[in-house]
Structures are given as structure tokens and as C-alpha cells.
**Student:** 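Okay, handing you the structure first.
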Amino acid sequence: VTTESEWIQQARAGDQNAFGRLVVAYQTPVYNLAYRMLGNAAEAEDASQEAFLRAYTHLRSYDPERPFRSWLLSITSHYCIDRLRRRRINWLSLEEEIAVPDQPTSNSPNPEAAATQHEREAQIQQMLATLSPTDRAAITLRYWYDCSYDEIAEMLGLTVSAVKSRLHRARRALAEKITEHAGTRADAHADSHADSHAKEGEIDYAMLPCQ
Amino acid sequence: MQCYHASEMMSAHMDGSLGSAESDRLQEHLAVCEACQTEWQSLQAIDRLLTSAPMMQAPVRVRVQVMTRLSRRDQARRAFVGGTALALGTVALALIILAPVALGLLDSIGIAPALASGGPATMAHLLTAWGAIGRTLLILVGQFAVPLVLIGICGLFALLALNSICIKAMRRLRASR
């Protein structure tokens with residue numbers, strides 16, 4: 001923690017190398033947030049760079065009493081939310097928004113496991129893309145960063161009750177999507193195997209990921 | 001218990017913010033409500049899916065790209081500051097050189113008393129004065145073209161040197177802080 005606060009102080013005094021160390025320390029959390037929000041690697045990379053540049057520009061307004069990670073993730077979230085809103089205005093196609101991950105998500109030598117992981121990632125991104133930008137940010141901060149209601153509220157400029165309500169709404173929307181997805185897969189399974197026991201409307205939870 | 005309330009409690013339960021009494025009430029409701037049970041199962045499936053998703057690793061080039069963009073932005077800012085300083089310096093130098101000439105002219109044609117007294121005559125005097133200044137400048141440029149060009153070039157080099165010294169001093173000051 002001491003080292004980090006030293007880097008922050010040095011970066012505030014204009015030392016770009018110290019800021020470079022902060023970039024190395026936080027590039028994965030920032031990139032992951034941007035990736036989960038924007039849904040593709042190229043945009044996530046660009047958004048990460050932009051978030052770091054904004055952080056460097058506004059480093060003087062950073063309150064050292066506040067965790068640096070929260071401050072940085074807040075900048076990233078707001079940037080991604082703005083970008084998603086602009087994207088909506090620009091009428092980009094849905095296909096672009098829910099692009100399938102285009103980079104390996106696992107270092108596993110097992111190609112089958114890697115393929116499953118890839119499919120799961122695609123499913124996650126497709127479902128996240130159906131949420132509103134702010135709901136997407138709330139869900140991402142909750143699941144990937146284990147942020148509390150208070151932290152999410154501070155980062156996104158919302159009240160705690162708004163965060164609870166957004167998480168609840170987002171979960172319900174995602175639950176509906178996963179039910180649809182499971183139903184589709186069950187139907188496909190039933191079509192391909194005439195002797196399948198899959199019944200109409202039944203959710204095949206065995207198809208869903210397990211703990 | 002209303003089903004919508006139960007649904008909110010399910011979400012709170014997943015965040016670990018539901019008290020034990022409320023949790024018990026939720027379990028009781030789930031035991032008797034099939035619709036909520038179905039929702040609970042799909043919410044749990046979502047919870048498992050998102051919890052199992054890993055952090056996406058940032059490409060190594062992110063740091064290099066950020067540092068390159070920072071450095072480029074710094075260079076652009078320095079060029080802007082340097083350019084502005086140079087322009088201001090040139091204007092200041094021109095004023096310093098021309099001020100005595102202009103002041104002498106103002107004095108010789110008696111514009112200072114006219115400005116002090118005010119009135120409609122001031123505008124006429126001003127126009128006459130600007131005309132005189134313009135004529136004088138043309139004569140000066142005609143007569144002293146070579147020294148003026150030399151002064152201009154020397155002034156430009158002096159300003160460039162001063163600008164470079166200022167930038168270096170600022171860098172040292174920033175590094176020492």
C-alpha cells in the first residue's frame with residue numbers, strides 16, 4: 001500500500017514512470033471492466049487506455065483517503081457508460097455489441113475445456129449486452145470486483161437503494177435470458193435426439209454451468 | 001409474502017445482505033411457491049455463471065500504448081506552450097522596439113494634450129496620428145531595413161533560447177519535487 005501511495009504521489013508530481021507502474025498494477029482490473037462493459041477486446045483495449053489517460057489528467061483531484069482502485073474503476077465505468085450511450089446513438093448493429101470474445105480465455109492445454117470456456121464467455125457477454133449500461137456496470141462491479149452496495153453507489157454516483165434495485169432488476173433480466181438459453185438448448189437437444197426426455201417449457205439446468 | 005418481495009429478497013440473499021429471519025421467511029415462501037422456486041433456480045444459475053467467469057487479462061501492450069499517448073500529449077502541450085511563449089515574446093519585442101518611436105510621434109504631433117482634453121477633436125487627432133505612425137514606419141523600414149531584419153532574427157533566436165531554458169528549468173523543477 002505504501003508503495004502504491006508513493007507511486008501516486010510521484011505521478012501527481014508529473015513522474016510518468018511512476019504512473020506507468022500504476023498502469024501495470026491496474027491494467028487487468030481496468031481492462032476486464034471495459035471488456036465486460038463493451039463486449040469486445042479492441043474496444044476494451046482502447047477504453048482502458050482512455051481511462052488511464054483520464055486518470056492521469058485528473059490525478060490532482062484524486063482524494064488519497066479513497067482507495068485508488070475504486071477511483072480508477074469509477075473513471076472506467078463512467079467512460080464505458082458514455083461510450084455505450086454514444087454507441088446507441090450511432091446505431092451500431094447488435095452484432096457488434098455482442099461480439100463473441102476473440103481472444104483465448106484460458107491457458108488450459110485441454111482444447112475441449114477451452115472451447116467450453118469460450119462458449120461460456122460468449123454467453124456471458126451476450127447476456128450482459130442486453131442490460132442497460134449502468135446495470136451492466138453494477139453487475140460487473142458486484143461479480144468481478146466483489147464491491148459492496150456502498151462502493152458501487154459511490155463509483156456510479158447512485159444511491160444505495162438504487163444499486164440494490166438495479167442489481168435486482170439486472171439479475172431478473174439475466175435469469176430470464178438464461179432460462180431462454182437453456183430452453184433453446186433443450187429444444188435443440190430434443191430435435192437432434194428423438195428419444196430425448198426434454199419436455200416443452202422445462203428448463204434443462206444440467207446444461208447450465210455448475211459451481 | 002408477495003412474490004415480488006420474495007424476488008427482491010433473493011437478490012439480497014445473493015449479496016449476503018439478508019438477515020437470518022428474512023432468509024427463513026424466504027425459504028418458507030420458496031417451499032410453497034413454485035413460480036418463485038423456478039426464479040430462484042435461474043437466479044442461482046446466473047450467480048454461478050457470473051461467479052465462475054474469470055478476469056480478462058489485459059494485453060501487455062496496454063501499458064506501452066498508454067505511456068506512448070502520454071508522452072505524445074506532453075510533447076504537444078510543450079509545443080503549444082513554447083509556441084505561445086514565442087509569439088508573445090515576439091509581440092513584446094516588437095512593442096519594445098517600436099514604443100519609443102510611437103511615443104515620440106505622439107509627443108511631436110501634440111496628441112497627448114488632445115487625448116487629455118477629450119472631445120470630438122480627439123478622433124481626428126487619432127486618425128492623423130495613426131497615419132503619421134504608418135508613414136514613419138514605412139520610412140523607417142525603408143531606411144533601416146537591414147538593421148531591423150538583424151534585430152528581428154537576433155530577437156527570434158534569443159526568444160527560442162529563452163524558451164528552451166524555461167522548459168528545461170520547469171522540467172528540473174518538476175523532477176526535483
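Proteins come first, then strands; the chains are lettered A, B, ... in the order of their sequence lines, and each starts at number 1.
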**Student:** Can you tell which of E50(A), Q49(A), Q16(A) makes a side-chain contact (heavy atoms from CB on, under 4.5 Å) with V66(B)?
**Tutor:** Q49(A)

**Student:** Judged by modelled atom types alone, do R63(B) and Q27(A) share a side-chain donor-acceptor pair under 3.5 Å?
**Tutor:** no

**Student:** Quick one, E176(A) and S42(B) - any side-chain contact, counting heavy atoms below 4.5 Å?
**Tutor:** no

**Student:** Measuring heavy-atom distances to chain A, does M10(B) have an atom under 4.5 Å in its side chain, in its backbone, in both, or in neither?
**Tutor:** neither

**Student:** Between Y145(A) and M55(B), is any pair of side-chain heavy atoms under 4.5 Å apart?
**Tutor:** yes

**Student:** Taking the side chain as everything from C-beta on, heavy atoms only, tell me whether Y35(A) gets closer than 4.5 Å to Q57(B).
**Tutor:** no

**Student:** For S7(B), is it the side chain, the backbone, both or neither that has a heavy atom under 4.5 Å from a heavy atom of chain A?
**Tutor:** both

**Student:** Inspect the contact between R142(A) and D47(B) and indicate whether a charged nitrogen and a carboxylate oxygen are less than 4.0 angstrom apart.
**Tutor:** no

**Student:** Tell me whether K164(A) is salt-bridged to E8(B), with the criterion being a basic N under 4.0 Å from an acidic carboxylate O.
**Tutor:** no

**Student:** Any side-chain donor paired with an acceptor under 3.5 Å for R172(A) and S11(B)?
**Tutor:** no

**Student:** For W144(A) and P54(B), indicate whether the former's side chain and the latter's backbone hold a donor-acceptor pair under 3.5 Å.
**Tutor:** yes

**Student:** Taking side chain as C-beta onward, heavy atoms only, is L50(B) less than 4.5 Å from T140(A)?
**Tutor:** no

**Student:** Which heavy atom in Y31(A) sits nearest to a heavy atom in P59(B), and how many Å separate them?
**Tutor:** CE1-CD, 3.7 Å

**Student:** Is there side-chain contact between M127(A) and I46(B), with at least one heavy-atom pair below 4.5 Å?
**Tutor:** yes

**Student:** Write down the atom of T28(A), the atom of M56(B), and the distance for their closest heavy-atom approach.
**Tutor:** CG2-O, 3.6 Å

